[in-house]
Protein chains: 2
Amino acid sequence: MKKTDYQMIIVGGGPAGLTAGLYAARGRLETVLIEKGATGGQVLVTDWVDNYPGFYDGIAGFELMEKMTAHVNRFDLEKKFATVASMNLQGEQKVITLESGEEVTGQTVIICTGAKPRKLGIPGEEELLGQGVSYCATCDGPFYRDQEIAVVGGGNTAIQEALHLTKFASKVTVIHRRDTLRATAILQEKAFAEEKIEFIWDAQVSEIIGNDEGVASLKIQHNDGTTSDLGVTGFFVLIGVAPNNEMLPLKQLETDAGGFIITDHEMCTKLPGVYAAGDIRSKNSRQIINAAGDGATAELSAEHYLSNMASPANP
Amino acid sequence: MKKTDYQMIIVGGGPAGLTAGLYAARGRLETVLIEKGATGGQVLVTDWVDNYPGFYDGIAGFELMEKMTAHVNRFDLEKKFATVASMNLQGEQKVITLESGEEVTGQTVIICTGAKPRKLGIPGEEELLGQGVSYCATCDGPFYRDQEIAVVGGGNTAIQEALHLTKFASKVTVIHRRDTLRATAILQEKAFAEEKIEFIWDAQVSEIIGNDEGVASLKIQHNDGTTSDLGVTGFFVLIGVAPNNEMLPLKQLETDAGGFIITDHEMCTKLPGVYAAGDIRSKNSRQIINAAGDGATAELSAEHYLSNMASPANP
């Protein structure tokens, strides 16, 4: 049998992976963190983070990730910048195959590959991200006090968040491509009763128009062929989240209907020695702080597994 | 029926409670956080925190808690400084009774009352806390590179942490009051095989002696009546953790054998509208970062519950 090279392999370098890496490096485990791009994950493109406890004036997303990266660097965490092609997580020795063909093997694996918001793919969406375009009402809602904003989506999340946004915004327009909502009845009732919420049915946003200050208006394409403009300063795209799971052995893991990995509250997957942390998990709330918390919990669960292995953890 | 005064009551102001409070205040829920002392919990008496991701040079415990407190203050979280006498968490309206007799009522409750390490109660223990006396090997182990240290305890945690500490310390002496360990066989085997670990059996530490630099030595009382001294610079007391649950309605909640509250991975207890976060939970790892993560998850679970209640969340 091939030598097991690492005690721990962390796949993904967002807040969950960096925190797992911090704990592993401080704990002096032979660890490697594999990241395909730059460490920081989705937070790198998050304009402003106002709810990571401790940074009380808020902090730019990339700056918070710089600090987290500096933190793991202080403890000399080994990093490998490469794209994972596939994994075999069954058995005692886990094998991660990189796109180059190289195999990285280890006794434990923590999956922190994250997720991404589903996007509309329309002009202005990418350019105005963080300048009025947002995928997270919990994160960015408070920035829109007394402003007029719009939400696209018709599911539970979209309607719950539209209701949430009425606490800040003076008006919330929900734009939905159908004439009925998918959200549960109770949420629909509340949304219909809420004076600040208006609906535009049977319509899609075709373009986001910006000015010097960010989002200025939306171009709306109605299903009857007409078009219209809606002036808003904020636009929340709440049409779902997709897991970064292309490289995962989905037949070996247990996932929910959306393809997210199911874990228990200690971040254990159904495979011994395999853990998941952060947005790739099946969970209700995806926040930086609970991704980081997941990372610490997963790492300590993995340490616990290593210390109880029959063969010495440190051969 | 009495008017429900708050949408959310958070009991306890450590990292879990402060983070739940941050999310609730940013979410503009009618919330009160009840704390019996100063906000910050156990971290207030933690000398140095080296593993809260983002503060990459480390930070003093009280300073991190000052920052977290400033964070919730920026969003005007209402706080009540009072001791909770009892709670009734059944039914839609939850009732928290303070020692003054005052009743605080709410639709949801997040329990963040924390835990405390079991202490030996010997001279020097309190005085040298953070100056060589520690209750957390994961937190403080890396501060003792190439030093001689001691651990008191004989359970799984003590022995697992003693093994962990050998990665840093040049010698780890385990002091145990009996002649056998309670830890599982595999951990015992590893500890006995580890050259850096020595045992002192049938003995208790009766005093911790300090000098200008912190802990200098331990006075050891052997069961045969003799005494001895052991020179160490670090002393880890790993004899267990106790929940702060005196004020909790333990018959209404589900707890583990140690009296910690059982939750699922969304921080839900078995009572609708009641959540637990941080060290009061039944869990394997109690860290600042995962307490904070728990707090965010619990608050968002409570928001979800409120938005799905039949009566409007904001009457």
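Per chain, numbering begins at 1; letters A, B, ... match sequence-line order.
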* Asked: Once the angle between the rings of B/Tyr52 and A/Tyr52 is folded into 0 to 90°, is it parallel (under 30°), tilted (30 to 60°) or perpendicular (over 60°)?
  -> tilted
* Asked: Can any side-chain N or O of B/Lys67 pair as donor or acceptor with the backbone N or O of A/Tyr56 at less than 3.5 Å?
  -> no
* Asked: Is the backbone of B/Pro142 close enough, under 3.5 Å, to the side chain of A/Arg26 for a donor and an acceptor to pair up by distance?
  -> no
* Structure fact -> Applying a strict 4.5 Å limit to non-hydrogen atoms, the region of A/Phe168 in contact with chain B is both
* **Interface moiety of A/Asp264 toward chain B, non-hydrogen atoms closer than 4.5 Å** => backbone
* **Backbone of A/Ser307 reached by a side-chain donor or acceptor of B/Gln160 within 3.5 Å** => no
* Structure fact -> Closest non-hydrogen atoms of B/Asn308 and A/Lys190, given as atom of the first, atom of the second and distance, are N-NZ, 4.0 Å
* Asked: Applying a criterion of heavy atom separation less than 4.5 Å, what residues of residues 269-278 of chain A form contacts with chain B?
  -> none
* What distance separates B/His164 NE2 from A/His304 NE2, expressed to the nearest 0.5 Å? -> 13.5 Å
* Structure fact -> Pair count under 4.5 Å, heavy atoms only, with chain A: among B/Asn51, B/Leu163, B/Thr19, B/Leu18, highest is B/Asn51
* Flag the pair B/Asp50 / A/Phe75 as yes when at least one side-chain heavy-atom distance between them is below 4.5 Å, and no otherwise. => yes
* Asked: Under 6.0 Å between ring centres, would you say that holds for B/Phe55 and A/Phe55?
  -> yes
* Asked: Are the side chains of B/Thr297 and A/Gln287 in touch, meaning some heavy atoms are under 4.5 Å apart?
  -> no
* For A/Thr166, is it the side chain, the backbone, both, or neither that has a heavy atom closer than 4.5 Å to a heavy atom of chain B? -> neither
* Kindly give the heavy-atom pair with the smallest separation between A/Gly293 and B/Asn290, and that separation in Å. => O-CB, 3.5 Å
* Which one, B/Ile288, B/Leu187, B/Asp294, B/Val72, leads in non-hydrogen pairs under 4.5 Å with chain A? -> B/Leu187
* Asked: chain A heavy atoms under 4.5 Å from B/Thr138: which part of the residue, side chain, backbone, both or neither?
  -> both
* **Distance, nearest 0.5 Å, that separates CD1 of A/Ile262 from NE2 of B/His265** => 8.0 Å
* Which bit of A/Arg281 comes within less than 4.5 Å of chain B, counting heavy atoms only: side chain, backbone, both or neither? -> side chain
* Asked: Using non-hydrogen atoms only, which part of A/Asp57 is less than 4.5 Å away from chain B: side chain, backbone, both, or neither?
  -> both
* Asked: Which heavy atom in B/Arg145 sits nearest to a heavy atom in A/Arg28, and how many Å separate them?
  -> NH1-NH2, 3.1 Å
* **Under 3.5 Å donor-acceptor, A/His71 side chain and B/Gly54 backbone** => yes
